[in-house]
Visitor: 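Following this message is one structure expressed as structure tokens.
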2 protein chains.
Amino acid sequence: MTKADSNVDRIYEKLRKMAAYFELKPDARINESALSTELGASRTPLREALNRLVAEGFLTFQSGRGFFCRPLSPKLILDLYEARVAIETEIVRLVCRRASDEELQDLMEFLKSTEPDYDSCEDPMELLSMDEAYHMRIAALSQSNELVRILENLNDRVRYIRLVDLKYLRGKTPVSTQEEAQLSAHRVVLTALINRDEDKAVSTMRHHIERRRDEATEAVRIAYSQLYVPAD
Amino acid sequence: MTKADSNVDRIYEKLRKMAAYFELKPDARINESALSTELGASRTPLREALNRLVAEGFLTFQSGRGFFCRPLSPKLILDLYEARVAIETEIVRLVCRRASDEELQDLMEFLKSTEPDYDSCEDPMELLSMDEAYHMRIAALSQSNELVRILENLNDRVRYIRLVDLKYLRGKTPVSTQEEAQLSAHRVVLTALINRDEDKAVSTMRHHIERRRDEATEAVRIAYSQLYVPAD
DNA sequence: GAATATGGTACTGTATACAATTTTGAGTGC
DNA sequence: GCACTCAAAATTGTATACAGTACCATATTC
């Protein structure tokens, strides 16, 4: 599904990953010729992919000067988290009204089955994938393609910071308690959904995300130091 | 600001308008050569603009077959309205916490000053512009660029249906009462904001948009009949 | 007559060339 | 040492060419 058949899709996927993880440094100018040879294609399809990424907020574009990587600032990351709150709270609201008991029970099974993995997993990247997968599964139950679409975009753009957050900030507390809190939030939301307690589900989801948002500024600072320091 | 300096920006803006108003019929295939000569440019910049529009949800793309206009279905429009609810309720919440009394008073002045225009205006297009302008002014007070950005995209994509709604559905009731309801909703939200009554502001905004959403299915039906009928 | 093969046409996908513009850096004057 | 000038180099913007693919209409077979 995410699999790209055409060439420009392939370039696009690759670039999106590069942009997501800031392999292209913030605000740096993109050299089209260099990048095109690096990716094994000519500038025409490359520019098509770059234009898509501009529209998605991964890159910026200045007429006559070319493409630039997106900036990375605390304000921007806060904005992304705030947008996530807007989208995910509405998703929870819709799920509460639309999901069948069966669907919610399936999700609970999924949650229970992944709990051992959460506990044992030490790789932040993998933890993040599991967390995102869970959030996207809830999103799917909202039956709103548009909310899903927007959430995917927001997740992609905030992923690097979440990774840094997971690795350098929440690593301070033991993994077990840290993930317990995370898991319990997931459980509380889902339990509230099963009980059709909309207000509780919504407010728990809101606080779950807002807690992370409050760490974002610090995470951005660390992200910068990571990006502009020789690899560890 | 919306003014495009470069050529691809010019093409992009023009195409976005065409797509917004379904001058390109739903699901129709786009002939790149024909369109490029029509727009007075070659296929290269045209395709760059088309790729941006794909990313923004105005067009779809199938590898090997080219670009297509976006589909128009009741479900899709409902999704867009639901996303608007998500974004605008969160915007109102943030405005309630962040906007200064002065900013809110300014907005109230703006609202009062445009009321005569609402009453006298018979052109749906103009009414819609005024309504959107008001909503975007509130959005600006949220201080969240991301929410503003998403809302702009949603507005663009739902505009044609809102226009049809305004023209063919709400035209049934006298303009005066119809716009009164609209205006009063705006006033109620703003008054609640001034009183820092977050819950009231949020729920009023929610219902204000949901009321329109409920008319959407019918509006889509009418939109179809308008699009596939010789011009009136 | 329906289904399938086939050839031609039209369109998309991408490389490349070149013009236009911006950037860079050496040189000059103060 | 600093600012300014200007030409060379690098880079972007766009047209065009051509290869590859999908599409369509006609023909052919059962």
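Within every chain, numbering begins at 1; the chains are lettered A, B, ... in the order of the sequence lines, protein sequences first and strands thereafter. Note: hydrogens, waters and symmetry copies are ignored here, and every other heavy atom, side chains too, is used.
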Visitor: Counting distance only, does the side-chain N/O of Asn51(B) pair as donor-acceptor with the main-chain N or O of Arg52(A) below 3.5 Å?
Guide: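 Between the backbone of Arg52(A) and the side chain of Asn51(B) there is no qualifying donor-acceptor contact (under 3.5 Å).
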Visitor: Between Arg157(B) and Asn153(B), is a side chain to side chain donor-acceptor pair (under 3.5 Å) present by the stated rule, with each step listed?
Guide: CA-CA 6 Å; Arg157(B) 289 163 66 199; Asn153(B) 176 261; 3.1 Å; yes
Visitor: For Ile30(A) and dA10(D), what is the distance between atoms CD1 and C1' respectively, to the nearest whole Å?
Guide: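 Answer to the nearest Å: 17 Å.
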Visitor: Could you tell me how far apart Gln62(A) (CD) and dT21(C) (C1') are, to the nearest whole angstrom?
Guide: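 My rounded result for the distance is 14 Å.
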Visitor: What's the closest nucleotide to the side chain of Phe61(B) if the choices are dT12(C), dT14(C), dG13(C)?
Guide: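 Among dT12(C), dT14(C), dG13(C), the one nearest the side chain of Phe61(B) is dG13(C).
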Visitor: Regarding Leu35(B), tell me which of base, sugar-phosphate or nothing describes its non-hydrogen contacts under 4.0 Å with the strands shown.
Guide: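 No contact.
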Visitor: Return the value, rounded to whole Å, for the distance between atom CG of Asn7(B) and atom P of dG13(D).
Guide: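 Answer to the nearest Å: 11 Å.
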Visitor: Can you check the Leu39(B) CG to dT14(D) C1' distance for me, whole Å?
Guide: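 One finds 15 Å between C1' of dT14(D) and CG of Leu39(B), rounded.
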Visitor: Which of parallel (below 30°), tilted (30 to 60°) and perpendicular (above 60°) describes His208(A) and His135(A)?
Guide: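 Aromatic pair His208(A)/His135(A) classed parallel.
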Visitor: Between Arg206(B) and Glu88(B), is there a salt bridge with N-O shorter than 4.0 Å?
Guide: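 Judged by the 4.0 Å cut-off on N to carboxylate O distance, Glu88(B) and Arg206(B) do not form a salt bridge.
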Visitor: As a test of reading the structure: which of dT12(D), dT12(C), dT14(C) is closest to the side chain of Asn31(A), going by heavy atoms?
Guide: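 Given the options dT12(D), dT12(C), dT14(C), the side chain of Asn31(A) is closest to dT12(D).
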Visitor: Mapping Phe67(A) and Arg43(B) onto DNA chain D by nearest heavy atom, which one lands closer to the 5' end?
Guide: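 The residue closer to the strand's 5' end, by nearest nucleotide, is Phe67(A).
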Visitor: Between atom CD in Glu32(A) and atom P in dT16(C), what is the gap in whole Å?
Guide: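 Atom-to-atom, Glu32(A) to dT16(C), this comes out as 16 Å.
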Visitor: Does any N or O donor sit under 3.5 Å from an N or O acceptor when you compare the side chain of Thr44(B) with the base of dT16(D)?
Guide: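 Looking at the base of dT16(D), it does pair with a donor or acceptor on the side chain of Thr44(B) (distance under 3.5 Å).
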Visitor: Which class fits the ring pair Phe61(B) and Phe67(B): parallel under 30°, tilted 30 to 60°, perpendicular over 60°?
Guide: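 The arrangement is tilted - the two ring planes meet at 30° to 60°.
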Visitor: Starting at CZ of Arg47(B) and ending at C1' of dG13(D), how long is that distance when rounded to a whole Å?
Guide: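 The answer, rounded to whole Å, is 16 Å.
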Visitor: Just the rounded figure in Å: distance from C1' of dC23(D) to CZ of Phe68(B).
Guide: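 So the two atoms are 12 Å apart, to the nearest Å.
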Visitor: Specify the residue among Ala41(A) and Arg65(A) whose closest nucleotide of DNA chain C lies further upstream toward the 5′ end.
Guide: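 The 5'-side residue here is Ala41(A).
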Visitor: When we call it a touch if two heavy atoms are under 4.0 Å apart, what does Leu46(A) touch: a base, just sugar-phosphate, or nothing?
Guide: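 Leu46(A): no heavy atom of the nucleic acid under 4.0 Å.
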Visitor: What is the distance from CG of Asp9(A) to C1' of dT12(C), rounded to the nearest Å?
Guide: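 My rounded result for the distance is 14 Å.
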Visitor: On DNA chain C, check which nucleotide each of Arg29(A) and Ser33(B) is closest to and give me the residue with the more 5' one.
Guide: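 Taking each residue's closest nucleotide, the earlier one in sequence belongs to Ser33(B).
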